[in-house]
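Notes follow once the structure below has been shown.
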Amino acid sequence: MSYDHILVETRDRVGLITLNRPKALNALNQALLREVEQALSGFDTDEGIGCVVITGSEKAFAAGADIVEMADKTYPAIYTEDLFAVGDRIARHRLPVIAAVSGFALGGGCELAMMCDIILAADTAKFGQPEIKLGVLPGIGGTQRLARAIGKAKAMELCLTGRMMGAEEAERAGLVARIVPAADLLDDALKTAATIASMSRPVAMLTKEAIDRADETSLAEGVRFERRVFHAVFATEDQKEGMKAFVEKRPASFRNA
Ligand code: HXC
């Protein structure tokens with residue numbers, strides 16, 4: 001598969017997607033988002049891949065949806081094409097995905113990072129939902145995922161003022177898992193992804209699914225779902241291997257079965 005707006009490679013069991021529209025600070029046009037979706041689909045169905053990293057450039061993870069592409073669109077046109085519904089498909093992938101964010105993650109860029117399961121931020125990262133300054137509002141899940149990630153008060157403030165928050169504030173607020181010096185960001189993200197990819201692939205996917213339930217259902221339903229999944233993993237060879245390896249004081253070697 002060849003791509004025009006992203007670079008796609010594999011490093012052992014890790015898939016790496018690099019957003020690659022440097023002249024437009026990786027602004028997310030429709031073609032780029034479709035390519036991200038295709039690359040993620042390819043990794044999801046490749047049993048040799050256990051985790052994916054999405055990254056951008058040093059200056060920008062992505063500075064938002066492509067304003068030039070959107071500016072003249074009409075309501076009937078964007079309603080009919082269901083503009084940005086591709087975001088729903090990106091978020092639905094089952095492998096764990098890490099966003100390695102350096103520089104600007106604004107608007108759709110912040111939304112793309114929030115579709116991922118873990119955000120690692122360079123100390124240079126800047127997050128924000130500045131759509132209100134353009135006379136619109138977030139449209140790829142930003143109002144919902146930001147409010148869930150950092151709470152209503154802070155999400156309101158960011159979306160209503162359009163201000164950016166730095167990496168430290170984002171980490172304190174709970175948006176970011178960890179801050180890394182900018183020069184180490186990709187290495188750290190790949191290492192974290194390799195750790196995840198060394199686990200049982202089906203169990204990692206089930207863990208992601210269970211945690212995602214926390215956003216979608218009541219506590220009682222979520223806990224019930226978790227318990228059913230926990231019981232079910234005892235049907236896997238990987239549970240037998242993981243626990244046997246612990247008892248035998250050796251590293252586990254998962255077979256993804
Ligand atoms: C298209 C963009 C862009 C974007 C930057 N560029 N962001 N093009 N869409 N979102 C282009 C600029 O036009 C410029 O192109 C080049 O990238 C470099 O940007 P500069 O502005 O010159 O860089 P700088 O001065 O460093 O400022 C960086 C910035 C600024 C603060 C990130 O570019 C900016 O404010 N960008 C827009 C951020 C934004 O509003 N994002 C939300 C988009 S709406 P040229 O050709 O001039 O060199 C959105 C909605 C999602 O995401 C949901 C929709 C419903």
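Order of listing sets the numbers, starting from 1, for every ligand and every atom in it.
- Distance check for atom 21 (O) of ligand 1: every protein heavy atom is found at 4.0 Å or beyond.
- Annotation for ligand 1: atoms under 4.0 Å from non-hydrogen atoms of Glu131 are 44 (S), 49 (C), 50 (C), 51 (C), 52 (O).
- Between Ile98 and Ile54, the closest side-chain pair of non-hydrogen atoms is not below 4.5 Å.
- For atom 47 (O) of ligand 1, the nearest protein heavy atom lies 4.0 Å or farther away.
- Distance check for atom 16 (C) of ligand 1: a protein heavy atom is found below 4.0 Å.
- Residue contacts with ligand 1, taken as heavy atom pairs separated by less than 4.0 Å, involve Leu134 solely via side-chain atoms from C-beta onward.
- Using 4.0 Å as the threshold, Lys23 has a heavy atom nearer than that to some atom of ligand 1.
- Checking only distances, Ile67 does come within under 3.5 Å of ligand 1, N or O to N or O.
- By the definition of a contact as any protein heavy atom under 4.0 Å away, atom 44 (S) of ligand 1 is in contact.
- Applying the ring pair (Phe, Tyr, Trp, His ring centres under 6.0 Å) rule to Phe230 yields the partners Phe234; only residues at least two apart in sequence or on another chain are considered.
- Proximity of Asp238 to Arg255: side-chain heavy atoms (C-beta onward) are separated by under 4.5 Å at one or more points.
- Judged by distance alone, with hydrogens and angles left aside, the side-chain atoms of Thr217 form no donor-acceptor pair with the main-chain N or O of Arg213 at under 3.5 Å.
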Residues Glu169, Arg163; criterion salt bridge (charged side-chain N to carboxylate O under 4.0 Å, His left out); working and verdict
CA-CA 12 Å; Glu169 184 181 355; Arg163 82 167 171 91; 2.7 Å; yes
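- Val8 places none of its side-chain heavy atoms less than 4.5 Å from the side chain of Met1.
- Between Leu28 and Phe84, the closest side-chain pair of non-hydrogen atoms is not below 4.5 Å.
- A side-chain donor-acceptor contact under 3.5 Å links His93 to the backbone of Ile90.
- The nearest protein atom to atom 53 (C) of ligand 1, hydrogens excluded, is given as Gly139 N, 3.2 Å; this is a heavy-atom distance.
- Looking at Leu137, Ile78, Leu25, it is Leu25 that brings a heavy atom closest to atom 19 (O) of ligand 1.
- Ligand-side atoms of ligand 1 in range of Pro130: 39 (C), 40 (O), 41 (N), 42 (C), range being under 4.0 angstrom from any heavy atom.
- A donor-acceptor contact shorter than 3.5 Å is absent between the side chain of Glu35 and the backbone of Tyr3.
- Polar contact check, Glu111 against ligand 1: no nitrogen or oxygen pair lies under 3.5 Å apart.
- Residue pairs meeting the side-chain hydrogen bond (donor to acceptor under 3.5 Å, both in side chains) criterion with at least one partner in residues 50-67, sequence neighbours excluded, are Arg21-Asp66.
- By the 3.5 Å distance cut-off applied to N or O atoms, Ala65 is counted among the residues near ligand 1.
- Here is the list of ligand 1 atoms found below 4.0 Å of a heavy atom in Leu106: 32 (C), 38 (C).
- Side chain of Asn256 to backbone of Arg201: a donor-acceptor contact under 3.5 angstrom is found.
- At a 4.0 Å heavy-atom cut-off, ligand 1 touches Ala63 through backbone and side chain alike.
- Taking a cut-off of under 4.0 Å to the non-hydrogen atoms of Gly108, the atoms of ligand 1 that pass are 49 (C), 51 (C), 52 (O).
- Proximity of atom 34 (C) of ligand 1 to the protein is not indicated, since no non-hydrogen protein atom lies closer than 4.0 angstrom.
- The protein heavy atom nearest to atom 2 (C) of ligand 1 is Ala24 O, 3.9 Å.
- Using a 4.0 Å threshold on non-hydrogen atoms, atom 25 (O) of ligand 1 does not count as touching the protein.
- In this structure, Lys59 has a heavy atom closer than 4.0 Å to ligand 1.
- Judged by distance alone, the side chain of Asn26 and the main-chain N or O of Ala60 form a donor-acceptor pair under 3.5 Å.
- A 4.5 Å side-chain heavy-atom check between Val229 and Glu209 finds every atom pair outside the cut-off.
- A 6.0 Å sphere centred on CD of Glu248 holds more than 12 heavy atoms belonging to other residues, nucleotides or ligands.
- Ligand 1 does not have Val136 within reach: every non-hydrogen atom of the residue lies 4.0 Å or more from it.
- By the definition of a contact as any protein heavy atom under 4.0 Å away, atom 50 (C) of ligand 1 is in contact.
- Counting protein heavy atoms only, atom 54 (C) of ligand 1 is closest to Phe84 CE1, 3.4 Å.
- Using a 4.0 Å threshold on non-hydrogen atoms, atom 7 (N) of ligand 1 counts as touching the protein.
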